[in-house]
Structure formats: C-alpha cells, structure tokens
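What follows is a short report on a single structure.
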Amino acid sequence: MLQNYYQQVKLPSGQVHVYAGPELFAALDYKVFELANNNLQIPNQVYMGYTPDVHVGVGTCIGTTAVWNVEDGYVSPSIVGSDIGCGMRVHLTNLHKDELKDVKLRRKLVKAIEKYLPMEEHGRGHFSDIRLEHVVKKGLHGLPKKYIPDAYTPRKATSLTHVESSKFYVEGGALGLFPERVWHRSHRQLGTLGGGNHFAEIQAIEIPEENREIAEAWGLTDGQVVIMIHSGSRAWGGSVSQYCSSNMTKMMKAEGLGTADPKLVFAPLAHELGKDYVELMYSALNYAVVNRHLIAYAIREAGKDVFGSKFEMSTLYDLMHNYAWEEEHDGHSYFVHRKGATRALPAQHPDNPEPYKETGHPALIPGSMGSSSYIMVGKPGGRDNYHSICHGAGRIRSRSASKRLITVEEFAASMRVGMEDEIVLNQRSLESMVDESPQAYKDVDQIIESVVGAGLAEVVAKCKPLATVKGA
DNA sequence: ATGTAC
C-alpha cells in the first residue's frame, strides 16, 4: 500500500525521495529531477526529499527537504528561497459560519479589514512605537506589549506559545550590512501581506470523524469561523537573500565550488559567509512571524469594529514553510532546509511546543484561491521525510501562461461571483489576479490525499473560504 | 516573492 505514495528516484548525483501518488508522480515535470540532480552535487548531503506539490523554482524546487549533518554541513540561500520565513498562521474566532451567511456582512467585514490592514507600505508614523531592530533581533519578543494582547498570564499566552518559533537569536553584527533604505522600507512594510499567493482568508471549518479528538483538544468545532494568513518577510528577507547570495557566488568562484547550475548558491556552515547567512536568515524569520502577527492584529481590530468587543481571535498556530535550521532526529543534529515544505510533528515528539506535546502541532496548508485549505497533524511515518509535508497546491502554470490561458469568467466562476455563497474579495480587479486562479494550480485535495496516503500526516480540519483578502 | 533596472 505505502509504496504507491513513495518513489525513490536514482539520479547520477544521488537519490531523491519523492512522496507522491501514482498520478501526481507521473505528471511531474522532468525538470524537477534535473534540479534534484544539481542539488545533490552540493557536498555531504544526507537526504533530499520532494513533497507531492513539488514544482520548479529558481535553483531548487518548491517542495524540497534538504538535510546535512551539522558538523560538515552546508547552507544554501537558493534552497531556502528569497521569501525567507514565509508561512502560515491560523486564528480561531468565536463566530459560526451561519453568522456570516449574509453576503453583505461578509462584504462589510472585508471592507473593515481593508481599513485596518494596509495593502501597500504604510506612511510615516505608522507603528512608530515598534522598533524594527528589536523585531529582527527578538521576533515577537521585540514587540511592545500592547501588540500581544493575550500575553499577560502564562496560560493564555497563546501569541507567544502557539508558534513554531517566537524568537531566533540574532547577535546583530551582520545587521549593519544593510543600507538605510532597506530598514526604512521594511519598517513601513510591517503588517502587510505582500503579493503573489499571499492572502488573509475568512474560512469555515469542517472536521472529519477520524481526528475529532485532536480537533477538540485544539478548540476546533464544526462550522467555526477561522482566520488564515499566508505571508512572509517582504523586502527584508529579499534583501538578506540577495546580499548573501551575491557574496557567496563570488566566494564559490574563487574557491572553485559549484554545481551544474550557477544559480544554486551555497557555503559550508562553518564558513564565515555561511554563518553570516544563517544569522541574517534568522532575522528574516523573526520579521516574518511578526509580520503575520501584526496582520492578525489588524484583522482583530476590524472584527471588533464589525462584531463588537465580544469578538475573539485566539492563536491556533504560526509556522513557516521556507527556512533552514538545526533539528534533532533520533539523537543526531541535522541542518534541515525546507523550501515550500511544512514541518508536521507527530504526538509526543519532543520538538512540539508545550501546548501541543500530547497531540502533535497543527500543520497549516493553504489551498489556492477559491479552494479549501487544511489543518493537518503529523504521523510517526513522517520521520522518513524528516517530518516534512507539502506547502500547498503547487503551481502547474506559470504566471504568464495563466494570464494567457485562463479567462476572467472562469476565475469569477471559481470564486462563485454573483452567487449567495460568493467568496467575497477585497477591492482589486479580477484581471490582476488571474495568475492566482485555481486553474493555475494543482488540485490541493489530491496533494493532501498523497500526504495522507504516504502516512506523513492526517487531516484535522478542512477550511472552506468565505472571504479572501489579497495584497497589492 | 520582491525590488530594481531595463
């Protein structure tokens, strides 16, 4: 049974472990194996895995788990990708989907969100009480207390405890490398979604029978309205990536390091440039988690405007799908890269944050526009893939091809425009978002089926969109 | 995904 969802592919430079059902495996672009072969030319690699939503990226595929030993390992900005710390966050509300049946109320809520959540960089003076230096050095712990409304008692400290990581240690030496304009722009981009597939969504959840106990332990109920956020580290992460990649490229030339792909950049963990990159990458992970936190803060304000002070929005979880860090597996320390891959730890795994020790933590998987997203939990079988599962649907058409091939009418139909159950969008033209139409992506349900079939994770809740807010 | 240069 299990082998139907797993293939070991032998390539000239090594092997890649592919988790995908037969149909998805057969449909993979041969280029994903070319990229795997290049990645496997980086020295000392211990493991490389692909998730069922794998697709071609720059230098490395989205859907990659790449692992080294800490002692003789390598770090690659190309494998992490340029949206460092990009990830997902879900908040639970005390609303039921029936309370949002009226399309006019959904419109009102989206309007309120647009008022509090800036779509572009905001003007000077906004968040002037937040110090960017504290944010990138200390993550959520660098925010003034007023932005952590539920942090005053240990039991209710959900914003700080229900996250994959609330703080990465950043000494700060390498921070001096960035020009003033990057600091300025990044401060003004705090709490903004950004473009592409990033979104904030109002969703209603459905709980399948098999994991009802876990759902209850997490506070999930049938028909409950949740807020899902998908965003990253904006210009800050992009600058880290660009700066470190260009320095590493020079070093690689000088030292004769490299693979068949000049765009695949890497350095030994022990090298000065490797250490600089890890520290700066951590600053971007800090930025990303704070960015998602502030987006949630804005949406909470909007919710209170529409539903009054009784509106609640507790944090279920915040986790990343573009990052690299040290992890223990079976007592050994590894340096694990995840690009478009989500960690999903099973029950009792020691790396679960305290509130999720017994059950495993929520693994959050976004769907494409108009389609469902998922809240999953890891299973012990995930160990074989270093506990990595998918990160979403996976693109099947480039942005340019999507704009050429998908009509606005097709896109509008998928968003049920004009129907009573229309998925309400914020004020942007449909034309400008056609490249995010579900027809540009694989079917997320099929991806999830592969993840479950392979024994990596299971579904705890399916989240259906009621309203979607996209950035600029 | 993103900023910037073409």
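Just so it is clear: chains get the letters A, B, ... in the order the sequence lines come, proteins before strands, and each one is counted from 1.
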>> Using a strict heavy-atom distance below 4.0 Å, which residues from residues 179-188 of chain A are in contact with DNA chain B?
In response: A:Arg181, A:Arg185
From [atom1] of [X] over to [atom2] of [N], roughly how many Å is that when rounded to an integer?
X        : N     : atom1 : atom2 : answer
A:Ile62  : B:dT2 : CD1   : P     : 14 Å
A:Asn197 : B:dT2 : CG    : P     : 9 Å
A:Tyr243 : B:dT4 : OH    : C1'   : 19 Å
A:Lys263 : B:dA1 : NZ    : P     : 17 Å
A:Glu121 : B:dT2 : CD    : C1'   : 11 Å
A:Lys339 : B:dA1 : NZ    : P     : 10 Å
A:Gln242 : B:dT4 : CD    : P     : 8 Å
A:Asn291 : B:dA1 : CG    : P     : 14 Å

> At under 4.0 Å between heavy atoms, what does A:Gly194 touch on the DNA or RNA strands: base, sugar-phosphate, or nothing?
Replying inline: sugar-phosphate
> Within the structure shown, what part of the strands sits under 4.0 Å from A:Gln189 by heavy-atom distance: base, sugar-phosphate, or nothing?
Replying inline: sugar-phosphate
>> Between A:Tyr74 and A:Gln45, is the side chain to side chain donor-acceptor pair (under 3.5 Å) condition met? List the steps.
In response: CA-CA 8 Å; A:Tyr74 283 74; A:Gln45 194 163 355; over 6 Å; no
> For A:Arg292, which residues count as a side chain to side chain donor-acceptor pair (under 3.5 Å) partner, sequence neighbours excluded?
Replying inline: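 Partners of A:Arg292 by the side chain to side chain donor-acceptor pair (under 3.5 Å) criterion, ordered by chain and then number, come out as A:Asp318.
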> Listed by chain and number, what are the side chain to side chain donor-acceptor pair (under 3.5 Å) partners of A:Ser231, not counting sequence neighbours?
Replying inline: A:Asn291
> A:Asp53 and A:Thr51: side chain to side chain donor-acceptor pair (under 3.5 Å), yes or no, with the steps?
Replying inline: CA-CA 6 Å; A:Asp53 51 339; A:Thr51 53; 2.6 Å; yes
> Where is the tightest heavy-atom contact between A:His230 and A:Asn197, given as atom of each residue plus distance?
Replying inline: ND1-O, 3.3 Å
>> Is the phosphate of B:dT2 approached by A:Arg234 (side-chain N or O, under 4.0 Å from OP1 or OP2)?
In response: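 Yes, such a contact exists.
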>> Suppose we call two aromatic rings close when their centres sit under 6.0 Å apart. Are A:His337 and A:Phe335 close by that rule?
In response: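 Ring-ring flag for A:His337/A:Phe335: true, centres closer than 6.0 Å.
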> Between A:His198 and A:Asp83, does any side-chain donor sit less than 3.5 Å from a side-chain acceptor?
Replying inline: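 Looking only at side-chain atoms, A:Asp83 and A:His198 do form a donor-acceptor pair, the distance falling under 3.5 Å.
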